[in-house]
Amino acid sequence: MTPSSSYLLRDGPRDECGVFGIYAPGHEVSRLSYFALYALQHRGQESAGIAAADRGGHIITRRELGLVSQVFSENDLRTLAGELAIGHVRYSTTGSNAWENSQPVQRSEGMGGTRRELALAHNGNLINAVELHDDLAASGVTFSSTSDSEIIAAMIASHPAEDVEEAIADVLPRLRGAFSIVAMTRDRVLAFRDPQGLRPLSIGVLDASGSDEGVHYCVASESCALDIIGARYLRDVEPGELVTLGPEGLQSRQVVTGARRAFCVFEYIYFARPDSRMNGQVLQVARARMGEILWREAPVDADLVIAVPDSGNAAARGLARAAGLPQDDGFVKNRYVARTFIQPGQELRRHGLRLKFNPLPEVIAGKRLVVVDDSIVRGNTTRQIVQMLRDAGAAEVHMRISAPPIKHPCHYGIDMSTREEMIAHERSVAEVAAELGCDSLHYLSLQGVYEAIGTGADAGAGAPGGPLSHCDACFSGSYPLDGTGAANGKYALEDGSSELPLVRA
Ligand code: SF4
């Protein structure tokens with residue numbers, strides 16, 4: 001990431017990829033993939049890619065650094081014609097933004113009739129990537145990238161099993177960590193999810209009209225990508241399940257059963273788009289409920305509720321409703337600054353966040369404000385927001401955050417800074433409030449989060465096979481996978497502490 005773009009991005013956790021796959025003869029699969037990726041752009045803005053093939057033909061991949069709208073031309077979509085396709089958007093960690101690490105990755109292994117051609121796109125992060133890489137390297141497999149996604153692709157492509165489903169069924173239990181994966185051979189799309197179900201993956205059904213070959217299916221990280229292409233949400237890919245989309249329609253195989261489920265609770269709070277559905281509810285509604293509970297947990301004498309746009313919008317609406325307080329826009333947000341490659345320079349840099357948020361003194365001045373946002377990681381942005389509001393004349397600034405304090409790093413594919421950089425690390429809430437310069441601060445309790453998403457306060461406990469258990473490790477420090485902590489040393493690969501500079505997908 002360039003210094004200018006990191007300067008302008010918000011100080012929040014960052015998801016690291018969105019995936020899509022479709023098998024639909026008779027449809028323009030690359031165009032549908034393009035628009036599905038367009039809907040998933042919030043999950044990754046560093047690179048985008050689509051792989052496509054005619055049934056039995058060769059796989060063609062186009063991938064490039066940049067936004068979906070920048071990467072693909074009309075001509076690219078025509079070149080990517082075919083009956084099946086997969087796609088990917090990626091967020092990369094600092095220093096790892098190389099073209100080689102963009103996806104889908106493509107591997108061809110074997111010779112002649114046993115040759116397996118495979119493209120693969122991955123959302124998540126393996127915690128045993130180093131061991132897997134070493135095993136493959138020892139058997140002579142070479143790599144063209146430093147992503148754990150290519151390790152998975154190599155394991156499947158080089159597997160001796162005749163059927164790719166058999167290969168995946170053997171490989172899947174050897175992968176440890178978070179993975180929602182779509183892959184394609186020359187004649188089918190395959191989708192599978194880690195046994196904990198950490199990252200989301202939904203199945204959609206395409207409208208059969210316009211196609212002469214009946215019902216077709218697609219898979220996507222979030223249901224908002226299904227909506228945009230007119231597909232109907234069918235169900236989620238189950239944790240540990242392998243789904244095949246091909247000439248026989250949709251086929252399913254439960255590869256791993258009985259594992260402790262651990263869906264990422266931060267998807268509800270922050271990562272997923274508010275119009276996506278998870279656990280049977282649209283997230284906009286769940287986030288508004290978080291705001292209502294936030295008010296119940298920590299009411300305060302105030303005049304006006306404002307959101308930090310757009311991340312705090314839904315919770316602010318819920319909080320204002322519960323409080324019976326008016327709500328207004330305290331800031332106008334420039335929605336187009338997420339990617340600028342022009343350095344702001346010294347003169348503009350001192351205006352800080354104003355490049356992104358401009359406060360409205362006419363709305364704010366003299367008011368006791370409740371300011372709602374969805375999370376605080378390092379606190380740099382929040383500190384500047386509080387100062388901007390004071391400079392604009394706010395009488396009081398009461399911060400309300402619709403997530404618990406983030407105190408622990410994520411090892412399952414989310415970039416959240418190191419523990420030491422987190423403002424809540426080894427600080428009380430009062431100490432964080434003092435650091436931020438606000439009059440009061442309240443974080444939504446973890447029980448409040450679970451109440452808002454309708455799963456009950458014990459949902460984080462994660463009974464094996466239980467339908468509604470979650471990962472909340474970045475708040476609680478309780479990692480759902482044994483050995484996550486022990487894997488950290490090897491896992492801190494971007495620090496140069498390993499000889500293998502792996503990047504996350
Ligand atoms: Fe999600 Fe946090 Fe668990 Fe990572 S540690 S998977 S961000 S809940």
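For ligands, and for the atoms within them, numbers begin at 1 and follow the listed sequence.
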Proximal ligand 1 atoms for [X], defined as those under 4.0 Å from one of its heavy atoms:
| X | value |
| --- | --- |
| C264 | 1 (Fe), 6 (S), 7 (S), 8 (S) |
| I414 | 7 (S) |
| C474 | 2 (Fe), 5 (S), 7 (S), 8 (S) |

Closest protein heavy atom (residue, atom, distance) for [atom]:
| atom | value |
| --- | --- |
| atom 8 (S) of ligand 1 | C471 O, 3.0 Å |
| atom 7 (S) of ligand 1 | M416 CE, 3.5 Å |
| atom 4 (Fe) of ligand 1 | C410 SG, 2.3 Å |

Quick one: does R63's side chain have a donor or acceptor within less than 3.5 Å of a partner on S102's backbone?
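Looks like yes, one N/O pair under 3.5 Å.
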Return the orientation label for the Y270 and F266 ring planes: parallel under 30°, perpendicular over 60°, tilted otherwise.
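The arrangement is perpendicular - the two ring planes meet at more than 60°.
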Ring-plane angle category for Y268 and F263, please: parallel below 30°, perpendicular beyond 60°, tilted otherwise.
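Plane angle over 60°, so perpendicular.
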Closer than 4.0 angstrom, basic N to acidic O: yes or no for E292 and R321?
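Salt bridge present between E292 and R321.
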R419 and E426 ion-paired at < 4.0 Å:
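Looking at R419 and E426, the cut-off is not met.
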